[in-house]
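These notes concern the structure reproduced below.
All chains are named by letter (A, B, ...) in the order of the sequence lines, taking the proteins before the strands, and each is independently numbered beginning at 1.
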Number of protein chains: 2
Amino acid sequence: MTTIKDIARAAGVSITTVSRALNGYSDVSEKTRKKIIELSKELNYSPNTLARGLVMNKSKTIGLLVSGFSKESIKDNFTFEVLAGINQYAAETDYDLVLFNTNSTMQREKTYTQLCRERRVDGVILQGIRTDDPYLQEVVESNIPCVLIDIPVETDNVAFVSTDNVLGAEKAVNHLIELGHRNIAMINGHDHAFVSRERLKGFKQGLGAHGIPFREEWAVNGEFTEKEAEKAALELLKKYPEITAVFCASDLMAFGAVKAVSTLGMSVPQDVSIIGYDDILLAEYFSPGLTTIAQDRQMLGFSAARLLTEMLQEESAPKHIVLETKLKIRQTTAQARNRS
Amino acid sequence: MTTIKDIARAAGVSITTVSRALNGYSDVSEKTRKKIIELSKELNYSPNTLARGLVMNKSKTIGLLVSGFSKESIKDNFTFEVLAGINQYAAETDYDLVLFNTNSTMQREKTYTQLCRERRVDGVILQGIRTDDPYLQEVVESNIPCVLIDIPVETDNVAFVSTDNVLGAEKAVNHLIELGHRNIAMINGHDHAFVSRERLKGFKQGLGAHGIPFREEWAVNGEFTEKEAEKAALELLKKYPEITAVFCASDLMAFGAVKAVSTLGMSVPQDVSIIGYDDILLAEYFSPGLTTIAQDRQMLGFSAARLLTEMLQEESAPKHIVLETKLKIRQTTAQARNRS
DNA sequence: GTGAAAGCGCTAACAC
DNA sequence: GTGTTAGCGCTTTCAC
């Protein structure tokens, strides 16, 4: 494998000159530069990034710590779309991505910091970790530049990007209220998700803005899974026949809720309106089409990557980005009717 | 950042001894080993993989060259599931994954070999490239260990994994024939996909085995997209009213075909049976549920990763793996009826 | 069982 | 403009 040494020998110059020429420094005569560039092509030279990284103490790589490689996340595709966004941005830079994985027992033995330091990644993007994940604590304590997706932590070396979950939830509630619903329940994710807390907040705000009191017992957790949400919806709808609409904090959970409604011999949206959150691909293909709050997951990843590279270049980079959401009206929401 | 030098100093030994102790060599006294291990924990040491890679001339990383980060591939999810499989296997090894991307204009300037050599990846997995992709030629010529997904090239340093596309297609055809269909059309991908050629072969074999002649004009290309397939199906069904069933080489294309049928005022499966290939998530959620040939994409990735690590360890590793497919009967296929 | 020394391929002072 | 030199953190002969 060709090294700069080989080129230096062939060109009759020192390795320093080769290095300088190849890296575009100005203090090399045009003539020697040309010769060196030519020779490097001829000899089929590729720089050794390991060696370069070793001496420069940076690797031009971004570490990815994503939790969503399970069966479940294949369904909602969240991880992949975020990944696609990150990849898309990275493609325009000279950073490569290295995929760490947190879901294996073996990797769990290594701490977040170890993972990153061993590979000498310049920065990290974290996605899909819970607020009580031990890794999170480490992030804050370590001094590795880091961008969190959907977790609002902001320090000198950590930034975050998320969507406006409060406003998003409020949009959902507003939509239901505009359709005449007053008795609205919510199926949330779990308490260790930042987005859940935010969406609950938005839910309450939406109700409050229209003078509708928030009822504690109408807001339950569905753990972000279809199954749990179905169970929760079943109980809720049985116990409180006055409920005419349910806001679910994820589309997958909304599917569960729809199933629950039909299990009870009712239909969506005639008897109960259901609105989801995410706008995953299935939402459109689901029958009936799911009304939901759309968030641009790819942009989430794209922005995260951009934010991180900015952080790596300048001190004064912005420290967080909040993206907008959009209401997608499909067939699971309709005018309120009395079902009791 | 702690280095072995620091540990050596703290332990009062040479760096050689530290290196040996940390790497589990036998010729270190238990006493010093213990001390070194302890010290390394205390000092919060992480080995520098760049330095190690530089001297050992391998990086313990696997390069991933996948083409599917586009909008379209979010729909079929193929890339992600393969990725999940690779990741799952990698999690059990000490290899990390580096994501290269081929879809950007910038990266196109770098050759396959450059990409790999710069990062000093130990091996590569390629997925989603066409048989006429210039990268493919390079793979064969380079001496970088490589596993191809769904492209049958086998040399000293390249192996492949795929599913049995011939048999898969034959299963599809058999299913249709068993339902009484004799006039069966096929909508294939494109000629530069190995899987397309194989599936066509299986299609012909299936017909032949039952004495049904293959009609050239009934086998058209749909470019693996929903839109193109819809167009193709529309033409086909209009022109040849005797066709009662269509085998599509991907689920996405099958969706297009279903749409075409309904555009023509007919219904699936009463008038025309449609069978897909892949069993993507949407196939199940699609209405009506799509009958299809299922392939285990995650296993595809998992096997590729396993094969590659085996190649990296021993010379005598097996050089290809072919996975089985499975017929999934849902609602788009039914008993043949005369529609002309 | 342990250490000295060389070197992996590269960059970056510092001279000239 | 160009070369000399040192050194990034590690592994690996080769001595002892």
Side-chain angles (χ1 to χ4, degrees), chain A residues 1-37 39-40 43-61 94 96 113-122, chain B residues 1-37 39-40 43-61 94 96 113-122:
Chain A
M1 195 144 304
T2 320
T3 71
I4 50 170
K5 222 193 241 168
D6 301 319
I7 299 179
R9 198 179 316 122
V13 297
S14 75
I15 58 166
T16 317
T17 305
V18 177
S19 174
R20 278 194 284 240
L22 258 26
N23 288 306
Y25 281 58
S26 57
D27 54 352
V28 180
S29 81
E30 257 327 297
K31 211 180 108 205
T32 47
R33 153 166 291 122
K34 219 169 205 163
K35 192 166 162 195
I36 287 170
I37 302 268
L39 237 34
S40 78
L43 297 177
N44 209 359
Y45 169 76
S46 307
N48 185 331
T49 54
L50 298 181
R52 179 182 283 157
L54 180 59
V55 50
M56 310 234 300
N57 205 26
K58 57 184 165 155
S59 60
K60 281 289 176 187
T61 55
D94 46 355
D96 279 328
T113 334
Q114 274 172 329
L115 238 34
C116 297
R117 287 198 311 199
E118 285 191 7
R119 287 288 173 197
R120 290 299 188 274
V121 297
D122 297 335
Chain B
M1 194 141 305
T2 320
T3 70
I4 52 168
K5 222 193 239 169
D6 300 318
I7 300 178
R9 199 180 314 124
V13 296
S14 74
I15 58 166
T16 315
T17 305
V18 176
S19 173
R20 280 196 281 241
L22 258 25
N23 288 306
Y25 281 58
S26 56
D27 54 351
V28 181
S29 80
E30 257 327 297
K31 213 181 106 202
T32 46
R33 153 166 291 122
K34 217 168 208 166
K35 191 166 164 191
I36 287 169
I37 302 270
L39 237 34
S40 77
L43 297 177
N44 208 359
Y45 169 76
S46 305
N48 185 333
T49 55
L50 297 182
R52 178 182 286 159
L54 180 58
V55 50
M56 310 234 299
N57 204 26
K58 56 184 164 157
S59 60
K60 281 289 173 186
T61 55
D94 45 355
D96 279 328
T113 335
Q114 274 172 329
L115 237 35
C116 296
R117 287 198 310 201
E118 286 190 8
R119 288 287 175 196
R120 290 299 188 275
V121 297
D122 298 335

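Contact check, A/T17 against D/dG1: no side-chain N or O comes under 4.0 Å of OP1 or OP2.
A straight line from CZ of A/R33 to C1' of D/dG1 spans 11 Å, rounded to a whole angstrom. The separation between A/K31 atom NZ and D/dG1 atom C1' is 12 Å, rounded to whole Å. Going from atom CG of B/D27 over to atom C1' of D/dT11 covers 13 Å, rounded to whole Å.
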What one-letter contact string describes nucleotides 9-16 of chain C from 5' to 3', where B marks a base within less than 4.0 Å of any protein heavy atom, S marks contact via sugar-phosphate atoms alone, and - marks no contact? BBBBB---
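Salt bridge status for B/D122 with B/K58: absent, with no side-chain N to carboxylate O gap under 4.0 Å.
Between the side chains of A/S19 and A/T16, not a single donor N or O lies within less than 3.5 Å of an accepting N or O.
Contact of the A/I36 side chain with the A/T17 side chain is registered, since non-hydrogen atoms from C-beta on lie closer than 4.5 Å. With a 4.5 Å cut-off on side-chain heavy atoms, B/L39 and B/Y45 do not count as touching. The shortest side-chain heavy-atom distance between A/R117 and B/N44 falls under the 4.5 Å cut-off.
A distance of 11.0 Å separates CD in A/E118 from OG1 in A/T113, rounded to the nearest 0.5 Å.
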